[in-house]
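First listed ligand is number 1; within each ligand, the first listed atom is number 1. Note: hydrogens, waters and symmetry copies are ignored here, and every other heavy atom, side chains too, is used. Just so it is clear, the model here is predicted, and its values are computed rather than measured. We count residues from 1, following the sequence as given.
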Amino acid sequence: MQYLSTRGKISPIGFTQAVLMGLAEDGGLLLPRTIPRIGTDTFASWQKLSYADLAFEVMSRFVDDIPVSDFKDIINRSYDAFNAPDVTPVVHHGDLHILELFHGPTLAFKDIALQFLGNIFEYLLNRDNSILNIIGATSGDTGSAAIYGARGKARINIFIIHPHQRVSPVQEKQMTTVLDDNVFNIAIRGSFDDGQAIVKKIFNDIEFKTKYRLGAINSINWARVLAQVVYYVKSCLHVSTHEKDSSVDFAIPTGNFGDIFAGFIAKKMLPPGTIRQLILATNDNDILTRFVTKGDYSLAKVKITSSPSMDIQAASNFERYLYYLLDSDSSRTRELMEEFAKNGKIDLSGHHDHIRRDFVAAAVSEHEVIETIAAFFKEHEYILDPHTAVGVKAAQKYKKIGVPMVCLATAHPAKFGAVVEQAIGKSPDIPASLVGILEKPSRCELMDADKGKIQTFIADKAGTP
Ligand SMILES: *Cc1c(COP(=O)(O)O)cnc(C)c1O
């Protein structure tokens with residue numbers, strides 16, 4: 001499989017190069033040249049596969065530059081780290097199927113992609129006899145999932161910057177109690193945006209970037225999207241054994257558009273009609289809902305909500321969908337993304353009909369999040385985390401009788417105990433991996449939000465290729 005940039009200015013590359021490149025060198029995002037189609041018989045034959053075997057069937061169609069046995073081994077090791085029968089179990093409550101994606105080491109769905117990405121990186125670095133220094137800023141969840149994906153890997157160092165005392169105590173400890181030699185936590189006196197800006201500047205220092213071989217782990221890496229396609233396929237297989245109608249709807253709590261874009265790829269891969277509708281659910285940061293309902297993609301100020309991993313305006317994976325929306329016209333994609341970078345908005349209302357064939361959307365208010373967690377608990381004695389509640393509320397709005405609805409549960413409620421307690425009057429049970437975490441020994445460097453100082457710290461600790 002060859003990969004192309006949405007902005008059309010790089011020559012085609014293979015999967016492993018696409019993974020190592022992350023962001024395309026022309027500033028665009030990488031996409032497979034074609035999306036493989038799965039026939040009805042093949043799809044039916046996957047019914048009884050384990051998660052790892054299904055992951056191999058789905059992902060190997062996009063990968064032809066890693067030997068089969070090596071690729072199988074990478075997948076098996078990635079999903080051994082999950083603490084649930086078959087990695088992503090589905091539970092049934094009322095007329096909804098809840099797809100639990102939070103059984104990985106850090107209790108959020110990002111583990112599914114980042115465990116895999118960590119193992120792919122390790123494999124490629126061994127192959128090339130090289131090293132990688134991963135740098136990222138986090139507002140909470142991505143940092144710990146990335147650290148758990150990279151910890152203990154000989155050829156990788158990982159540097160994660162978080163805003164000092166502005167992540168939850170549990171989130172902080174999930175990062176800083178990882179004491180492996182290759183993990184460096186930096187708390188800055190400043191905000192998440194300060195951290196993000198510093199990371200961007202360091203990446204723009206091409207000499208530094210090349211000398212230390214810097215790598216990114218944000219959700220623009222194609223390997224992350226690809227790993228997420230698997231659980232859409234798995235849920236369709238699962239649901240069709242429970243409900244006769246084989247057409248399925250999905251509700252997806254959305255921030256950077258990575259997870260729902262994986263659903264979009266799954267919809268194109270699977271036999272027509274297998275996935276009927278993708279429901280894009282946002283919190284008060286509703287730019288993507290406005291895009292789907294009106295074709296209005298325009299920035300607003302970021303609002304702080306109870307679902308912080310979705311407190312995002314410019315969605316980093318949006319460009320991938322835009323490229324398909326424009327019928328793979330890379331010049332037009334580049335023009336529009338440049339216009340967006342300049343003006344903070346683009347008008348896509350002319351594409352409204354096309355967008356509405358691909359998605360429906362709903363924005364869910366803070367009040368509705370609390371209400372949804374409370375009502376769901378009252379009715380089903382099942383606790384939703386605030387991100388999942390955003391998706392469930394949107395699902396209830398669009399639920400059609402006779403069409404199975406799968407809601408993606410993206411985080412364990414114990415990660416957001418305070419919000420849950422506000423909704424249901426008690427805190428959720430603490431899973432084993434979080435018991436005692438606040439008392440565990442930790443390691444973290446507290447620094448000013450100063451690019452120069454942070455860069456010096458990284459240069460001191462980082463290896464060179
Ligand atoms: C990252 C995240 C999301 C949003 O996923 P995107 O791929 O950014 O749209 C939703 N819920 C949780 C818990 C997350 O960590």
Side-chain angles (χ1 to χ4, degrees), residues 29 88 98-115 117 136-149 162 167-168 170-171 174-175 192 196 217-229 231-232 250-266 278-289 291-292 302 305-321 359 361 363-364 369 373 383-394 407-417 419-420 428:
L29 301 185
T88 59
I98 309 284
L99 171 60
E100 294 186 344
L101 302 174
F102 51 72
H103 294 284
T106 72
L107 307 173
F109 93 100
K110 292 190 171 69
D111 287 325
I112 290 171
L114 284 165
Q115 285 292 312
L117 185 63
T138 184
S139 56
D141 273 348
T142 308
S144 56
I147 286 171
Y148 273 82
H162 72 264
V167 300
S168 80
V170 169
Q171 283 177 325
Q174 278 188 307
M175 296 189 277
F192 165 66
Q196 184 91 306
I217 34 81
N218 44 18
S219 67
I220 49 105
N221 198 303
W222 169 254
R224 284 186 62 177
V225 174
L226 180 59
Q228 293 172 183
V229 175
Y231 49 72
Y232 285 93
F250 284 90
I252 303 110
T254 297
N256 268 320
F257 206 80
D259 203 1
I260 196 164
F261 187 74
F264 176 78
I265 299 284
L278 297 169
I279 299 156
L280 185 155
T282 56
N283 60 25
D284 279 336
N285 296 287
D286 66 347
I287 175 170
L288 288 167
T289 295
F291 163 69
V292 171
V302 178
T305 75
S306 56
S307 44
S309 298
M310 292 154 57
D311 290 347
I312 286 161
Q313 289 288 328
S316 55
N317 273 285
F318 177 76
E319 181 169 343
R320 287 196 162 108
Y321 175 66
F359 305 104
V364 175
V369 169
I373 297 172
I383 305 179
L384 305 170
D385 104 284
H387 303 79
T388 306
V390 168
V392 165
K393 179 70 192 179
C407 299
L408 273 56
T410 51
H412 191 290
K415 283 194 94 165
F416 302 93
V419 182
V420 168

Taking the six-membered ring for Trp and the single ring otherwise, decide whether the centroids of F359 and F257 are under 6.0 Å apart. yes
Would you mind reporting whether M310 and P386 have side-chain heavy atoms less than 4.5 Å apart? no
If you measure from CD1 on I373 to NZ on K393, what distance do you get to the nearest 0.5 Å? 12.5 Å
Show me the short polar-atom pairs for ligand 1: any N or O of it lying under 3.5 Å from a protein N or O, with distances only.
| unit_1 | atom_1 | unit_2 | atom_2 | d |
| --- | --- | --- | --- | --- |
| ligand 1 | 7 (O) | G258 | N | 3.2 |
| ligand 1 | 7 (O) | D259 | N | 2.9 |
| ligand 1 | 8 (O) | N256 | N | 2.7 |
| ligand 1 | 9 (O) | G255 | N | 2.8 |
| ligand 1 | 9 (O) | N256 | N | 3.2 |
| ligand 1 | 9 (O) | F257 | N | 3.1 |
| ligand 1 | 11 (N) | T410 | OG1 | 2.9 |
| ligand 1 | 15 (O) | K110 | NZ | 2.5 |
| ligand 1 | 15 (O) | D141 | OD2 | 3.4 |
| ligand 1 | 15 (O) | S309 | OG | 3.4 |

State, without any angle test, whether N285 and D311 hold a side-chain donor-acceptor pair at a distance under 3.5 Å. yes
Side chain of H162, backbone of G143: donor and acceptor closer than 3.5 Å? no
Classify the side-chain pair R224/N221 by whether it contains a donor and acceptor separated by less than 3.5 Å. no
